[in-house]
Amino acid sequence: MAAESDGGLVAPRYPRYSLRDGLWVVVALLVFFSDGASDLWLAVDYLQQHRLSCFWPTVLLVLLPSLLTQSLSFSWVVTDRSPSPPAGNRLCCRLCAWILQGSVHLLQLGQVWRYLRALYLGLQSRWQSEQQSRHFYWRMMFESADISMLRLLETFLKSAPQLVLQLCIMVQQGHVEPLQGLSASASLLSLAWMIASYQKVLRDSRDDKMPMSYKGAVVQILWHLFTIAARALAFSLFASEFHLYFGIFIVTHWCLMTFWIIQGETDFCMSRWEEIIYNMVLGIIYIFCWFNVREGRTRCRMTAYYVIVLTENVVLTVLWYYNRNNSPLGDFYALLIVCSVFCSFALGVFFMLLYYSLLHPNGPMFGPSSSSCVFTEGPEAPQAPLSEATESLPRTLPRTTEQERDMAPGDRDSCGPVFQVRSSIPPTPVTRLTRAQGPVIRIDLPRKKYPAWDAHFIDRRLRKTILALEYTSPATPRVQYRTLGTSQELTEYETTV
């Protein structure tokens, strides 16, 4: 919703958690349960049929990615827990909390806990007073960001290979069993859902980007649903006949995509080695679908990617069709499968064009004015008046100006800490709008460009600082990043407050 100010500008109101937001979380939980439960049900069915060659890969593709993501989730819990004096009832409560968190993650339900917590925080932000509402909304956004990153990692390490595995088994046996079809459908839906959900939460977390509507998110799900379906089906067809060459192809494609991403100089993480690991994960995502990693020349990069994917799909499918010596499928069904690959890919491209033509948050991207290779950024969310913008959460302040940098303590020349808490009242009287009282967290780092997360979402120490300040200040802390173009280059990263 938006309100028109006296100056004629349209300023966004403080985002309010809606019932649709809660319903989206509930549906996400159902997608999560359907994916995991269908895979385990199918594994038990394979075991009952004594099909151990199908049972073990299915079980391992469920357990190994789940153990990895649960370990990462629990490590975040450990980092987020602030130390407190171990005395009295406080110690007992903390011990119970640790036992609960440990049990939840041992049962592989860490994401379920986070989903329920995000739903609780969102509903609290809807029901509480204004000050408490902002507090709960910020914590809900932090939790949603964690869920999005964890689920994105898990789906492409578990659901994507599981989908290819089950499709390959179905092609080799020549028919589809109900549990196989259920497992493959749940894995496909989970992949498409998480790509769209990740993009929506990322846009919601940034004040410099327009939020994605639920219509746009649904169309994004359809876009990735059909393109990933075509991709996975082409993989399974080729793998059913050429096991060794399929492994070589996957490794080669992953290496090329990872190198392409690294060459793009992404800026997602806070250290170089974390960035390289993240790029390697992105290389796995690029095996199956498009994932935007940086702004600029998006149309050219997306076109090049889909041309490569279409070419690979055609080559893999044609090679299978003319070399299916041991396939139980007849010519009619084989031709039907080949047509399904191309029709599914065409439907995915259609929904992609529909999204960018009608439902992109920045407006139509394929209009007459966008003839170059660069996506022209449409009008972003207009800035609210300063008195209103300081109450928004988790919005950030405008970038630091040269004058503010000269007056503010902790400049790089004075060797001050990277993160500072300073009063929002200027040291000298100047003519300006009245600001809401409260601390300002000044970060001596340039703000990360979209599609990266802001530093206060991915740096957990800074996140703890923000949440701690909320308990000690009557006003919500605000975040301010350093402007680009400073004379000295930042060479180290600290989180002292």
Side-chain angles (χ1 to χ4, degrees), residues 24-25 27-46 54-73 108-112 114-115 146-171 176-201 217 220-236 239 246 250 253-254 257 280-291 309 344 348:
W24 182 267
V25 176
V27 176
L29 263 174
L30 295 178
V31 171
F32 172 80
F33 278 122
S34 64
D35 188 16
S38 60
D39 291 341
L40 292 176
W41 192 3
L42 178 60
V44 172
D45 185 68
Y46 283 147
C54 298
F55 166 76
W56 285 114
T58 302
V59 168
L60 290 177
L61 286 177
V62 173
L63 293 181
L64 294 182
S66 180
L67 290 173
L68 175 62
T69 53
Q70 297 298 323
S71 301
L72 181 59
S73 175
Q108 309 300 299
L109 296 175
Q111 283 92 319
V112 176
R114 290 183 179 275
Y115 271 125
D146 289 346
I147 297 171
S148 299
M149 288 183 272
L150 288 171
R151 286 287 291 136
L152 186 71
L153 174 65
E154 184 182 36
T155 49
F156 279 92
L157 292 180
K158 183 188 76 172
S159 302
Q162 190 76 262
L163 174 61
V164 175
L165 172 65
Q166 301 309 324
L167 288 175
C168 184
I169 294 174
M170 286 185 271
V171 170
V176 179
E177 298 178 4
L179 287 181
Q180 291 175 336
L182 179 62
S183 174
S185 300
S187 297
L188 179 59
L189 179 60
S190 182
L191 287 165
W193 179 278
M194 278 317 303
I195 287 287
S197 179
Y198 178 92
Q199 295 295 336
K200 177 169 175 51
V201 174
Q220 262 213 24
I221 291 174
L222 295 175
W223 158 19
H224 294 295
L225 184 79
F226 287 107
T227 53
I228 295 175
R231 188 72 166 160
L233 187 54
F235 284 169
S236 62
F246 174 71
I250 289 295
H253 183 92
W254 173 77
M257 291 293 105
M280 294 171 67
V281 176
L282 290 178
I284 299 175
I285 298 177
Y286 266 68
I287 295 175
F288 293 91
C289 68
W290 165 260
F291 190 84
V309 166
S344 179

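Because only heavy atoms are used, hydrogens play no part in the values below, and waters and symmetry mates are left out as well, while side chains stay in.
Between the CG atom in L167 and the CG atom in L163 there is a gap of 4.5 Å [rounded to 0.5 Å]. For the atom pair OG of S187 and CD1 of I228, the computed distance is 11.0 Å after rounding to the nearest 0.5 Å. One finds the CD1 atom of I169 at 4.5 Å from the CD atom of Q166 (value rounded to the nearest 0.5 Å). Interatomic distance, S185 OG to L225 CG, rounded to the nearest 0.5 Å: 9.0 Å. Once rounded to the nearest 0.5 Å, the distance linking CD of Q111 with OG of S73 reads 6.0 Å. With rounding to the nearest 0.5 Å, the separation of CG in D39 from CG in L165 is 9.5 Å.
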Practice task
Take H224 and F288 through the side-chain contact (heavy atoms from CB on, under 4.5 Å) test and state the conclusion after the steps.
Solution key: CA-CA 9 Å; H224 294 295; F288 293 91; over 6 Å; no
Practice task
Applying side-chain hydrogen bond (donor to acceptor under 3.5 Å, both in side chains), run through S197 and R151 and close with a yes or a no.
Solution key: CA-CA 10 Å; S197 179; R151 286 287 291 136; over 6 Å; no
Problem - Intermediate values then yes/no, side-chain contact (heavy atoms from CB on, under 4.5 Å), L63 and V59 - result: CA-CA 6 Å; L63 293 181; V59 168; 3.6 Å; yes
Exercise for the section: Could you walk me through whether Q220 and Q199 pass side-chain hydrogen bond (donor to acceptor under 3.5 Å, both in side chains), step by step? Expected result: CA-CA 9 Å; Q220 262 213 24; Q199 295 295 336; 5.5 Å; no
Exercise for the section: Check step by step if side-chain contact (heavy atoms from CB on, under 4.5 Å) holds for F33 and V112. Expected result: CA-CA 9 Å; F33 278 122; V112 176; 3.7 Å; yes
Practice task
Begin from the C-alpha positions of L152 and F291 and carry the test side-chain contact (heavy atoms from CB on, under 4.5 Å) through to its verdict.
Solution key: CA-CA 11 Å; L152 186 71; F291 190 84; 4.0 Å; yes
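Judged purely by atom type and a 3.5 angstrom limit, R231 uses its side chain to pair as donor or acceptor with the backbone of I287. Although no hydrogens or angles enter the test, the distance criterion places a donor-acceptor pair under 3.5 Å between the side chain of H253 and the main chain of Y286. At distances below 3.5 Å, at least one donor-acceptor pair connects side-chain atoms of S38 with backbone N or O atoms of D35. Remark: side-chain polar atoms of T69 are paired, donor with acceptor, to backbone N or O of P65 under 3.5 angstrom. No donor-acceptor distance shorter than 3.5 angstrom exists from the side chain of S159 to the backbone of F156, with no hydrogens or angles considered. Judged by distance alone, the side chain of S34 and the main-chain N or O of L30 form a donor-acceptor pair under 3.5 Å. Judged by distance alone, the side chain of Q162 and the main-chain N or O of T58 form a donor-acceptor pair under 3.5 Å.
Looking only at side-chain heavy atoms (C-beta outward), I250 and F235 come within less than 4.5 Å of each other. Looking at S66 and K158, their side chains never come closer than 4.5 Å, going by heavy atoms from C-beta outward. You'll find the side chain of L182 stays beyond 4.5 Å of the side chain of L42, heavy atoms only. Side-chain contact between Q108 and L67 is present, with heavy atoms from C-beta onward closer than 4.5 Å.
Of the residues listed (T155, L153, L189), the one engaging M194 in a side-chain contact (heavy atoms from CB on, under 4.5 Å) is T155, and it is the only one.
Across all their heavy atoms, I221 and A192 have their closest contact at O-CB, 3.4 Å.
Around CE of M170, the count of heavy atoms belonging to other residues, nucleotides or ligands within 6.0 Å exceeds 12.
With sequence neighbours left out, C168 forms a side chain to side chain contact (heavy atoms under 4.5 Å, CB included) with Q172, S236, A239, S240. Annotation: ring pair (Phe, Tyr, Trp, His ring centres under 6.0 Å) contacts of F226 (sequence neighbours excluded): F351.
Note: W193 and W24 have parallel aromatic rings, judged against thresholds of 30 and 60 degrees for the angle between ring planes.
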